[in-house]
Amino acid sequence: MSQITKIKENKGKEQDRVWVYIDDEYCTSIRHRTWVGMDLHVGSEISCEELKERENLFWNHSYGEEAWKKEKVRLEHVTAWFKINFPSFIVDVSGFGADSNQMIPEHPEEKGTPDLTILSKEGKKLLMVEVTGTEQRRGKDYWIRPDKIEYIQKHADVDIWIALHYADQNEIIWIKPSLNKEYFYEEKNIRNAIEYYVIFNDDSEEVKSEVEFKRHLMSMIENCDDAI
């Protein structure tokens with residue numbers, strides 16, 4: 001069985017990566033923030049192909065199928081919110097794997113693609129919603145992955161919102177990231193690995209109340225001809 005024979009931290013331009021050698025041959029470099037959660041060391045038995053797969057799908061395996069099921073509950077809750085408050089809207093589940101309970105062993109074509117597309121009763125695209133959240137709110141802050149914000153900023157021609165759902169409080173926090181603001185992320189330890197998050201709180205201008213979000217939707221209905 002192949003095994004790791006050398007581990008080297010890159011001190012050059014890619015100093016956030018770890019170089020791994022298997023059977024005395026260089027295999028691949030691993031993100032340091034995921035490497036710390038892999039529980040691998042010199043002598044660990046693993047093939048180069050298996051190591052690359054673990055790196056590529058690290059978060060998929062880390063969260064597992066149960067997390068995907070909880071994500072579907074969040075999607076159903078946000079979808080129900082639209083059907084109750086704006087019954088004429090059509091809610092299309094459009095995100096990568098958003099309509100599945102199964103872990104998908106691959107990545108979407110573009111990271112951060114929103115989960116829901118909201119259409120008018122005539123079928124005109126109004127806005128998109130990225131659904132995220134956790135079982136419990138961590139302190140008083142709201143954590144959003146940078147790739148979700150990057151997607152929104154790269155698609156400035158689309159009206160995209162983030163719906164953050166907490167299961168224990170059964171509430172939705174609506175967030176509208178700025179298209180021009182440079183956001184900085186913080187490192188958080190998640191499941192023994194390092195994940196990046198942009199941090200918001202109730203004082204952040206990007207955090208909108210349910211009333212404000214409803215007003216925005218009403219304005220879109222009134223000006224449907226200008227919708228995206």
Side-chain angles (χ1 to χ4, degrees), residues 16 31 33-34 37 57-60 62-64 66-79 81-82 91 93-98 104 107-118 126-214 216-217 228:
D16 62 337
R31 293 167 293 178
R33 65 192 184 95
T34 56
L57 299 174
F58 177 81
W59 292 108
N60 301 57
S62 178
Y63 283 97
E66 285 303 310
W68 285 69
K69 290 179 179 178
K70 292 175 182 178
E71 178 67 14
K72 186 172 183 180
V73 171
R74 285 191 281 272
L75 285 167
E76 291 173 345
H77 185 86
V78 175
T79 298
W81 184 93
F82 278 99
V91 182
V93 180
S94 53
F96 178 79
I104 300 177
H107 293 295
E109 293 183 4
E110 185 174 9
K111 290 178 63 177
T113 305
D115 299 294
L116 304 177
T117 298
I118 311 302
L126 298 173
L127 70 155
M128 300 184 76
V129 179
E130 168 62 27
V131 179
T132 186
T134 56
E135 295 302 289
Q136 296 178 324
R137 180 177 175 180
R138 302 180 178 95
K140 296 182 178 180
D141 297 327
Y142 307 118
W143 300 6
I144 303 297
R145 288 210 328 258
D147 62 284
K148 299 180 185 298
I149 295 176
E150 290 169 6
Y151 182 96
I152 291 172
Q153 293 182 328
K154 285 170 60 178
H155 298 79
D157 58 324
V158 182
D159 188 15
I160 305 175
W161 288 68
I162 295 175
L164 189 56
H165 177 257
Y166 297 111
D168 63 335
Q169 300 173 353
N170 200 29
E171 66 173 332
I172 302 174
I173 306 299
W174 302 99
I175 298 177
K176 179 64 172 174
S178 170
L179 297 177
N180 303 310
K181 184 175 180 179
E182 182 179 3
Y183 289 99
F184 299 94
Y185 59 77
E186 296 182 13
E187 293 186 355
K188 300 291 184 180
N189 189 301
I190 305 293
R191 299 172 184 267
N192 297 317
I194 303 299
E195 180 64 288
Y196 299 143
Y197 290 97
V198 175
I199 309 300
F200 298 95
N201 56 49
D202 289 326
D203 293 327
S204 301
E205 62 181 3
E206 294 90 345
V207 177
K208 308 298 182 182
S209 68
E210 182 176 82
V211 171
E212 289 176 303
F213 185 54
K214 285 182 177 179
H216 177 72
L217 293 173
I228 59 174

Could you please spell out the steps behind the salt bridge (charged side-chain N to carboxylate O under 4.0 Å, His left out) verdict for K148 and E130? CA-CA 8 Å; K148 299 180 185 298; E130 168 62 27; 2.6 Å; yes

Please evaluate residues I160 and H155 with respect to the criterion side-chain contact (heavy atoms from CB on, under 4.5 Å), reporting the C-alpha separation (whole Å), side-chain torsions for both, the decisive distance (0.1 Å), and the verdict. CA-CA 8 Å; I160 305 175; H155 298 79; 4.2 Å; yes

Would you sort out whether V78 and W174 count as a side-chain contact (heavy atoms from CB on, under 4.5 Å), showing the intermediate values? CA-CA 11 Å; V78 175; W174 302 99; 4.2 Å; yes

side-chain contact (heavy atoms from CB on, under 4.5 Å) between W161 and M128: does it pass, once the steps are laid out? CA-CA 6 Å; W161 288 68; M128 300 184 76; over 6 Å; no

From CA spacing to verdict: side-chain contact (heavy atoms from CB on, under 4.5 Å), I173, V207: CA-CA 7 Å; I173 306 299; V207 177; 3.9 Å; yes

For the pair K188 and E186, evaluate salt bridge (charged side-chain N to carboxylate O under 4.0 Å, His left out) and give the outcome as yes or no after the intermediate values. CA-CA 6 Å; K188 300 291 184 180; E186 296 182 13; 3.5 Å; yes

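Residue Y197 comes nearest to E195 through the heavy atom pair CE1-CG, 3.3 Å, listed as atom of the first residue, atom of the second, then distance. Minimum heavy-atom separation, L127 to V129: CD1-CG2, 4.3 Å. The two residues E205 and K208 come nearest to each other via the heavy atoms O-NZ, 2.8 Å.
Going from atom CD1 of I175 over to atom OG of S204 covers 8.0 Å, rounded to the nearest 0.5 Å. In this structure, CZ on R74 lies 13.0 Å from OG1 on T79, to the nearest 0.5 angstrom. Between the OH atom of Y151 and the CZ atom of R145 there is a distance of 14.0 Å, given to the nearest 0.5 Å. For the atom pair I149 CD1 and I144 CD1, the distance stands at 6.5 Å (nearest 0.5 Å). Atoms CD1 and OG1, on I162 and T132 in that order, are 8.0 Å from each other to the nearest 0.5 Å. We find the CG-CD distance between N180 and Q153 to be 7.5 Å, quoted to the nearest 0.5 Å.
A salt bridge between K214 and E210 is present, with a side-chain N of the basic residue lying under 4.0 Å from a carboxylate O of the acidic one. Between D159 and K176 there is a salt bridge, with a side-chain nitrogen of the basic residue lying less than 4.0 Å from a carboxylate oxygen of the acidic one.
The aromatic ring centroids of F200 and Y183 lie less than 6.0 Å from each other.
Side-chain contact annotation: W143 with D141, donor-acceptor N/O pair under 3.5 Å absent. Side chains of Y142 and E206: a donor-acceptor N/O pair is absent below 3.5 angstrom, by distance only.
Residues L116 and V131 have side chains in contact (heavy-atom distance under 4.5 Å, counting atoms from C-beta outward).
Heavy atoms from other residues, nucleotides or ligands lying under 6.0 Å from OH of Y166 number more than 12.
Between F213 and F82, the two ring planes are perpendicular [angle over 60°; tilted spans 30° to 60°].
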